[in-house]
Structures are given as C-alpha cells and as structure tokens.
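What follows is a set of notes on a single structure, which appears directly below.
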Protein chains: 2
Amino acid sequence: MTNNGSASLYLQVARTLQDRIATGAHPIGSLLPTEHMLAEEFGVSRQTVRQAIGHLRGMKLLSARKGVGTRVEANRPQTSYYHTLQSLQDLFQFASDAQYRVTSADMVSVTGKEAEELGCRPGRQWLRLVGLRELPGESRGPLGADGPLCLTTVMIDGRYADVAATPRVHTRAIFAQIEDRFGVSITEVHQDIEATLVTEEQAALLRVEPGSPALLITRRYFGSGRTLVDLSRNLHPGGRFRYAMTVRREG
Amino acid sequence: MTNNGSASLYLQVARTLQDRIATGAHPIGSLLPTEHMLAEEFGVSRQTVRQAIGHLRGMKLLSARKGVGTRVEANRPQTSYYHTLQSLQDLFQFASDAQYRVTSADMVSVTGKEAEELGCRPGRQWLRLVGLRELPGESRGPLGADGPLCLTTVMIDGRYADVAATPRVHTRAIFAQIEDRFGVSITEVHQDIEATLVTEEQAALLRVEPGSPALLITRRYFGSGRTLVDLSRNLHPGGRFRYAMTVRREG
DNA sequence: GACGGATATATGTCCGTACATATGATGTCG
DNA sequence: CGACATCATATGTACGGACATATATCCGTC
C-alpha cells in the first residue's frame with residue numbers, strides 16, 4: 001500500500017485507486033479491474049474493495065453497473081461550488097407574507113416573438129397577470145420607504161389558468177399554487193437578472209421617480225420534461241430590493 | 001415488513017424506518033434502537049440494518065456517531081433546490097478571456113464604515129484596485145456595442161497584496177491568483193446584486209450615457225474561518241450584461 | 001468535590017461465503 | 001442470416017462472525 005498504515009484499510013485502497021486514476025493508469029471511460037481481481041491484488045476481502053469503490057463512487061470518480069463493471073467517470077474530484085435553496089420560495093428574497101395584488105388577468109393568444117420566448121407554438125393560450133407585490137399592513141421592511149416591492153407580470157400556461165383566472169390577492173407564489181392544484185412539480189427554474197430604467201407608467205405604479213433604476217428579474221418555471229409552466233417578470237425598484245446569494249465549496 | 005417483498009431487503013427495512021420516523025415514532029433528535037436490536041426485530045443481519053441506515057443517512061434523515069448511536073436528524077427527505085457552479089469562475093458571466101485592466105492600485109488604511117464592511121478593525125491595510133474589465137481585441141460579444149464589460153473596484157487584504165501590487169492587466173480573476181500564490185482556498189462567496197444609475201464619471205469610463213441603468217454586483221470571497229480575502233464591486237452597464245442562473249431540484 | 005482510570009456500549013471496519021440479478025457474448029435453430 | 005435461448009461474468013444483496021475504536025458512565029482515589 002502506498003499509504004500510511006493508520007487509516008482504514010478501505011480508505012487506503014480507495015486512495016491507491018484514486019492515485020492510479022489521477023495518473024492515468026485507469027483512463028476515464030475505461031473499466032476498472034473486477035472487484036475480485038482488486039481484492040486479490042490488494043490482499044483484502046471483496047467487501048473491503050467494495051467499500052473503497054463505494055467511497056470513490058460517492059466522489060463521482062467511479063460508477064458501476066451490474067453485470068458490466070466499474071467505470072472511471074472522472075480524473076479527480078471536481079471541486080464544485082453550490083448554492084442551495086431550502087425551497088423555491090427562497091428565490092424571492094422578500095418576506096414570505098408579501099402579497100401579490102393582481103390588477104388584470106387576461107387570457108391571451110401568444111404570437112411570434114412572445115411565443116418563442118415562452119417556447120410554444122404561436123396561437124397557444126396563456127393567462128397574463130399584471131399586478132403589484134407588496135407587504136401587508138404595517139410590516140414594512142426597514143429598507144425602502146413604502147411602496148410596492150415590485151411590479152410583476154406573470155404568464156401562465158393555459159392548462160393551469162384556473163389558479164388565477166380572476167384578479168385577486170395571492171398570498172402564495174403562483175408556481176406553488178400550480179404545483180398543489182395540478183400535481184405538477186417544478187423541477188427547474190431559470191432566473192435572469194438585468195438592470196433597467198422604470199418608465200413613467202411603471203414609476204407611477206411603483207411610486208418612484210421616472211427614470212430611476214430597477215432590477216428586472218425574469219423567472220421561468222419548468223415542470224417535468226422541461227416544459228414551461230409559468231414565467232414571471234418582476235421589476236424591483238433600485239433602492240427597495242437587492243438580490244443576495246451565497247455559494248459554498250462542496251465538501 | 002410493511003412493504004412488498006420484491007424490493008431489496010435493506011430497502012424494505014429502510015422504508016419501514018422512514019415510515020416510523022415520518023409518523024413520529026422516532027422523533028427528531030432521538031436515538032434509534034441499536035443496530036443489533038433492529039437486526040433482531042426485523043430478523044435480518046446487522047449488515048443489512050447498516051445498509052438500510054446508510055441509505056437513510058444518504059438522505060440526511062439519520063446521522064451516526066461511533067460509541068453513541070444513530071440519531072434522527074429530519075422528519076422527511078427535504079426537497080431542496082440547488083444551483084451548482086463548475087468553478088467560481090462561473091460567477092462571472094462573461095467570456096473567460098476577459099481582461100481586467102487596472103488603472104490604479106493603492107494601499108489604503110481602511111476606516112470606520114469601510115472597515116466594518118470588510119469585517120476588520122479600522123486601520124488595517126488593504127490594497128484597492130480600480131480598473132475596467134473588457135474583452136480583448138476583436139472578440140467582442142454579440143450583446144453590447146463595444147465598451148468595457150464593467151467597472152471593477154477590488155479590495156484585497158494586505159497580506160495578499162503582492163498579487164496585484166502594481167497596475168497591470170490581469171487575465172485571471174484576483175481570487176484565483178490569491179488561491180494559487182498563497183495556498184488559501186476560497187470556501188465561500190457572498191454575492192449581492194442591486195440596480196443603480198451610473199454617475200457622469202463612471203459613464204465616461206464605461207462609454208455609456210450618464211444616468212443609464214447598471215447592475216452593481218458585490219462579491220465577498222471568504223477563505224477558511226470565514227475571513228474575508230477580497231471584495232470586488234462590479235458595475236455592469238445595463239444593456240451590456242445580465243446575470244443568469246438555473247436552479248434544479250435535488251434528486 | 002474534582003480528577004482520572006476502568007468499563008460497558010454502540011458504531012466502524014474487516015473477513016469469508018453464498019446466492020441474486022443484470023448484462024453482454026456465445027451459440028443454436030429456423 | 002436473423003431471432004432467440006443459453007451461458008459466463010460482474011456487480012448487488014445478504015448472512016455470520018470477529019475485532020477496533022470512540023463515547024459516556026461509573027467508580028475509586030486524592
């Protein structure tokens with residue numbers, strides 16, 4: 001064994017295999033020798049070899065298929081960074097009691113450019129909501145003066161239009177209502193953040209100066225099979241909102 | 001066993017334990033019966049019980065400590081969403097050949113508010129870089145007309161000031177240079193995005209109209225022990241940049 | 001009462017064996 | 001030559017036993 005003798009036997013085996021993979025003795029894509037052969041070579045039980053392989057599988061260096069063998073997947077442990085969310089609600093970075101007050105809800109037939117953006121054929125029916133998100137009553141945050149958190153436009157696939165067919169106040173996110181009501185589950189969300197200026201019309205609704213800066217956050221919610229379930233466009237006045245996230249190293 | 005008999009034995013055991021945990025028979029924080037007791041109860045070997053427990057540990061439902069026991073950590077598998085990055089470079093969302101052209105590099109002694117923001121005592125030495133990030137030569141992206149990608153100010157802990165002591169052009173991110181040169185590794189990055197307007201001075205440097213919108217992205221890079229290694233403030237002109245990310249459901 | 005050592009206990013590691021099962025290769029038959 | 005059954009093979013599952021090691025507790029000593 002190349003290692004010191006104090007560590008667990010299976011960790012020594014794992015380390016040796018990892019070294020061999022790193023040095024190219026077992027190229028990516030190739031099959032490792034069988035567990036039986038490795039056990040014999042290292043003079044340990046097959047159980048111990050399996051434990052070592054299991055360790056490396058946890059690091060995504062190896063994968064195994066019954067009846068085939070153990071394949072080398074990666075050269076070295078990829079040091080990836082990740083940002084986790086407890087739930088999709090965390091994408092919204094304001095208090096969870098914020099209300100979405102819908103002022104208009106219209107079924108529209110999308111055309112051309114808009115259809116392309118929604119990833120569907122022209123002529124399909126979508127429900128378009130327009131409204132303001134604001135904090136209820138006195139629970140205004142410390143950040144902004146008062147005024148709505150954002151101006152939100154939502155496009156909902158016609159199949160799920162029932163969740164918001166008439167203008168009203170929503171206390172839960174639209175996607176969450178669709179998930180519950182129709183049993184679809186959101187598997188992926190694409191979020192897009194850009195800077196823009198508010199128009200006069202928007203400024204009046206948001207109670208800010210025309211021409212002041214804003215974050216335009218577009219979110220696309222995808223269900224199974226990468227089908228777009230709903231799309232929301234949130235215009236956040238500059239001083240009233242910021243988007244914060246933390247990424248951590250894996251392991 | 002509550003399950004059908006076709007699945008693996010250890011999966012049946014795991015399922016039974018999961019049910020018991022979900023129904024509160026084993027409350028969060030409590031210790032499970034010992035592996036030996038469970039093996040006896042289910043009429044299986046201890047090895048099989050361990051495999052079942054290992055399965056639930058992978059789901060973060062259980063944790064184990066040698067000499068103590070197996071503790072219930074969670075009620076049910078948490079469906080978390082995550083956003084992964086291949087490397088921290090992915091936080092920058094422009095071509096990796098972008099250059100950071102530093103126009104000034106000054107060692108400063110931080111005071112009051114700035115010291116607080118950097119999380120250090122007033123009077124500490126930090127290196128302040130100011131410069132523009134731009135694409136080299138002809139490789140201009142399709143998005144913006146030409147002009148710099150962003151105006152970037154970087155604060156570097158005095159200990160690592162050597163990486164950029166004099167103004168010059170950097171082709172690698174500052175944090176990456178610090179990682180290599182000083183052997184520290186960035187374990188966490190905090191990122192903060194807000195909308196703002198560019199001042200006249202900034203507009204001239206970025207070659208945009210004064211008063212146009214911009215994304216201000218502040219990134220704090222932390223090393224081991226949550227110590228701030230460097231902080232960068234990037235001002236991206238509105239039309240020239242957007243921040244995109246995708247989050248996926250776990251499992 | 002404080003400190004330290006012996007001890008019981010639970011998980012961790014390791015061995016050997018046996019059989020199950022998915023997979024790809026081989027070979028046979030129409 | 002193609003479809004299909006057969007077989008060898010590699011990982012997956014399961015058993016039983018044994019010892020290692022970390023931890024908490026008990027107990028005696030100072």
Side-chain angles (χ1 to χ4, degrees), chain A residues 1-18 20-21 25-74, chain B residues 1-18 20-21 25-74:
Chain A
M1 208 72 20
T2 67
N3 210 283
N4 69 63
S6 66
S8 308
L9 196 46
Y10 83 92
L11 283 177
Q12 297 176 44
V13 173
R15 183 54 164 276
T16 303
L17 290 175
Q18 188 175 345
R20 288 185 186 174
I21 292 168
H26 299 302
I28 292 178
S30 69
L31 287 176
L32 234 56
T34 70
E35 296 171 350
H36 187 74
M37 289 168 66
L38 290 172
E40 192 163 345
E41 179 196 342
F42 289 119
V44 301
S45 72
R46 190 184 149 217
Q47 168 80 0
T48 300
V49 170
R50 279 184 65 75
Q51 214 169 342
I53 288 175
H55 186 70
L56 297 178
R57 285 172 67 177
M59 294 198 280
K60 304 289 184 74
L61 288 181
L62 297 177
S63 71
R65 275 178 65 200
K66 193 191 287 191
V68 181
T70 306
R71 199 169 295 278
V72 179
E73 293 293 337
Chain B
M1 208 75 19
T2 67
N3 210 281
N4 70 63
S6 67
S8 308
L9 196 46
Y10 83 91
L11 283 178
Q12 297 177 45
V13 173
R15 184 53 164 277
T16 304
L17 289 175
Q18 189 175 344
R20 288 186 185 175
I21 292 167
H26 299 300
I28 292 178
S30 68
L31 287 177
L32 234 55
T34 70
E35 294 172 351
H36 186 75
M37 288 168 66
L38 289 172
E40 193 163 345
E41 177 195 343
F42 290 119
V44 301
S45 71
R46 189 184 149 215
Q47 171 78 3
T48 300
V49 171
R50 279 184 65 75
Q51 215 170 341
I53 288 176
H55 186 70
L56 297 179
R57 284 173 67 176
M59 293 198 283
K60 302 291 185 74
L61 288 181
L62 297 177
S63 71
R65 276 178 63 200
K66 192 190 289 191
V68 181
T70 305
R71 198 169 295 277
V72 179
E73 293 292 337

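What's counted below: heavy atoms across the whole structure, side chains too, no hydrogens, waters or symmetry copies. Throughout, a chain's letter reflects where its sequence line sits, starting with A, and its residues are numbered from 1.
- Counting only Watson-Crick or G-U wobble pairs whose defining distances are both under 3.5 Å, the stems of 3 or more consecutive pairs in DNA chain C are C:1-30 with D:1-30.
- Checking side-chain atoms of A/Ser45 against main-chain N and O of A/Thr48 turns up a donor-acceptor pair under 3.5 Å.
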Show me the protein contacts with nucleotides 4-7 of chain C, counting only N or O atoms at under 3.5 Å.
none

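- The backbone N or O of A/Gly29 lies less than 3.5 Å from a partner atom in the side chain of A/Arg71, making a donor-acceptor pair.
- Considering CD of A/Gln51 and CG of A/Leu9, their distance stands at 9.0 Å, rounded to 0.5 Å.
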What one-letter contact string describes nucleotides 11-18 of chain C from 5' to 3', where B marks a base within less than 4.0 Å of any protein heavy atom, S marks contact via sugar-phosphate atoms alone, and - marks no contact? BBBSBS-B
Verdict with reasoning, A/His55 to A/Met59, per side chain to side chain contact (heavy atoms under 4.5 Å, CB included): CA-CA 7 Å; A/His55 186 70; A/Met59 294 198 280; 3.9 Å; yes
Close N or O pairs between protein and nucleotides 5-8 of chain D (under 3.5 Å):
none

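- One finds the CG atom of A/Leu56 at 12.0 Å from the CD atom of A/Glu73 (value rounded to the nearest 0.5 Å).
- Annotation: the span from A/Ile21 atom CD1 to A/Leu62 atom CG amounts to 4.5 Å, rounded to 0.5 Å.
- With hydrogens and angles ignored, the 3.5 Å screen pairs a side-chain donor or acceptor of A/Thr34 with a backbone N or O of A/Met37.
- Partners of B/Arg20 by side chain to side chain donor-acceptor pair (under 3.5 Å), not counting sequence neighbours, listed by chain and number: B/Glu41.
- Going from atom CD1 of B/Ile53 over to atom CG of B/Leu61 covers 12.0 Å, rounded to the nearest 0.5 Å.
- Of all the heavy atoms in A/Ala64 and A/Arg57, the pair that sits closest is CB-NH1, 3.6 Å.
- In this structure, A/Thr70 OG1 and A/Arg65 CZ are separated by 11.5 Å, a value rounded to the nearest 0.5 Å.
- Not counting sequence neighbours, the partners of A/Arg46 by the salt bridge (Lys or Arg N to Asp or Glu O under 4.0 Å) test are A/Glu35.
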